[in-house]
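Here is the structure we will look at.
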Number of protein chains: 2
Amino acid sequence: MTIACTTGNHAQHDVYAALCPCRDVLDLLANKWTALAIGAMEEGPQRFGALQRRLQGISPKVLTSTLRRLEDSGFVDRTVYPAVPLHVEYELTELGRGVAVPLGVLRAWVETHLDTVKPDAPAGCA
Amino acid sequence: MTIACTTGNHAQHDVYAALCPCRDVLDLLANKWTALAIGAMEEGPQRFGALQRRLQGISPKVLTSTLRRLEDSGFVDRTVYPAVPLHVEYELTELGRGVAVPLGVLRAWVETHLDTVKPDAPAGCA
DNA sequence: CGGAATCCAAAACGATACTG
DNA sequence: CAGTATCGTTTTGGATTCCG
């Protein structure tokens, strides 16, 4: 028996079902940078360079693709200010601020329980 | 420049820092199956076959590696009952039940806001 | 400054077949 | 039943260079 995922009027979404769109959304969020990128914008609009500096280790290419996916999915707004040194800002949409909450909860859990997890993490920093 | 993730006792973890172990844990959870697998065990111990049936579309190989990683990280306990038709159970540890909460929150958010996300998801599933 | 383009390496994922 | 072995595909991520 699977957990029913009743959304609105119709349907039972079974997150575990192969064709459930929930899976697509989950997949969208479940990658190395997305959750962090969203978190990095929680405090307000951020410029490309600022994000790249904050998400230490991300390459411009990956940052771009991450932001594009988020933009296409409606989590992020991209605003271009046509100035001479180009100025672009990325900002969470209403929806984006929405996911930011659960994601923040997850990040918080990780930070709190870090010591109890025993992956092969270089214990150096925690 | 970001505050490094200082160790142990006090510790400011900067999730965004390249070397923060938080990232390892996040990476561990951020993949196609992990979050679902944990969710699938929330109701109690599950057998390999049951999990495979529930996580529709997962191959035995991927399920195995997913479970192994979770076991190695301390989220899951694996118990073998040496019977003739072999019997193995996977069960969330205390820690596992811990992450299950934030992950459940995330799943719930996704289920609730599915309609507002506009990825190229086949709106079907219901 | 904000990327796009290119190339490459490494995971992650998947299908199938086979075994203790 | 619960995997392992193998192989191939796909997806991600990363480094670098270059351009408007």
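Just so you know, these numbers come straight off a predicted model, no measurement behind them. Just so it is clear: chains get the letters A, B, ... in the order the sequence lines come, proteins before strands, and each one is counted from 1. Because only heavy atoms are used, hydrogens play no part in the values below, and waters and symmetry mates are left out as well, while side chains stay in.
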Original post:
side-chain contact (heavy atoms from CB on, under 4.5 Å) with B/Val105: which residues, sequence neighbours excluded?
Top reply: A/Pro102
Subject >> Partner residues of B/Arg53 under the side-chain hydrogen bond (donor to acceptor under 3.5 Å, both in side chains) criterion, sequence neighbours left out >> reply: none
Original post:
Residues two or more places apart in sequence or in another chain: which of them pass side-chain contact (heavy atoms from CB on, under 4.5 Å) with A/Val84?
Top reply: none
N/O donor to acceptor pairs below 3.5 angstrom from side-chain atoms of residues 61-69 of chain B, sequence neighbours left out:
unit_1, atom_1, unit_2, atom_2, d
B/Thr64, OG1, B/Pro60, O, 2.8
B/Ser65, OG, B/Val62, O, 3.0
B/Thr66, OG1, B/Val62, O, 2.8

**OP:** Output all residues satisfying side-chain contact (heavy atoms from CB on, under 4.5 Å) with B/Ala35, sequence neighbours left out; order by chain, then residue number.
**Re:** B/Leu103
**OP:** Check side-chain hydrogen bond (donor to acceptor under 3.5 Å, both in side chains) between B/Glu94 and all other residues, then give those that pass, not counting sequence neighbours.
**Re:** B/Arg97
Subject >> Between the first and last five pairs of the helix from C/dC1-D/dG20 to C/dG20-D/dC1, the angle of the axes, rounded to 10 degrees >> reply: 50°
Subject >> Close side-chain approach of A/Val117 to B/Phe75, heavy-atom, < 4.5 Å >> reply: yes
**OP:** Assign a letter to each nucleotide of nucleotides 8-15 of chain C from its 5' end: B, base within under 4.0 Å of a protein heavy atom; S, sugar-phosphate only; -, no contact.
**Re:** -----BBB
Original post:
What residues in residues 35-48 of chain A put a non-hydrogen atom under 4.0 Å from any atom of DNA chain C?
Top reply: A/Arg47, A/Phe48
**OP:** Using a cut-off of strictly less than 4.0 Å between a heavy atom of the residue and any atom of DNA chain D, enumerate the qualifying residues of residues 77-86 of chain B by number.
**Re:** B/Arg78, B/Leu86
Subject >> Test side-chain contact (heavy atoms from CB on, under 4.5 Å) applied to A/Ala30 - qualifying residues, sequence neighbours left out >> reply: none
**OP:** Determine which pairs satisfy ring-ring contact (aromatic ring centres under 6.0 Å, His included) with at least one residue from residues 30-49 of chain B, sequence neighbours left out, and list them in order.
**Re:** none
**OP:** Check the distance between D/dA5's P and B/Leu63's CG and give it to me in whole angstrom.
**Re:** 16 Å
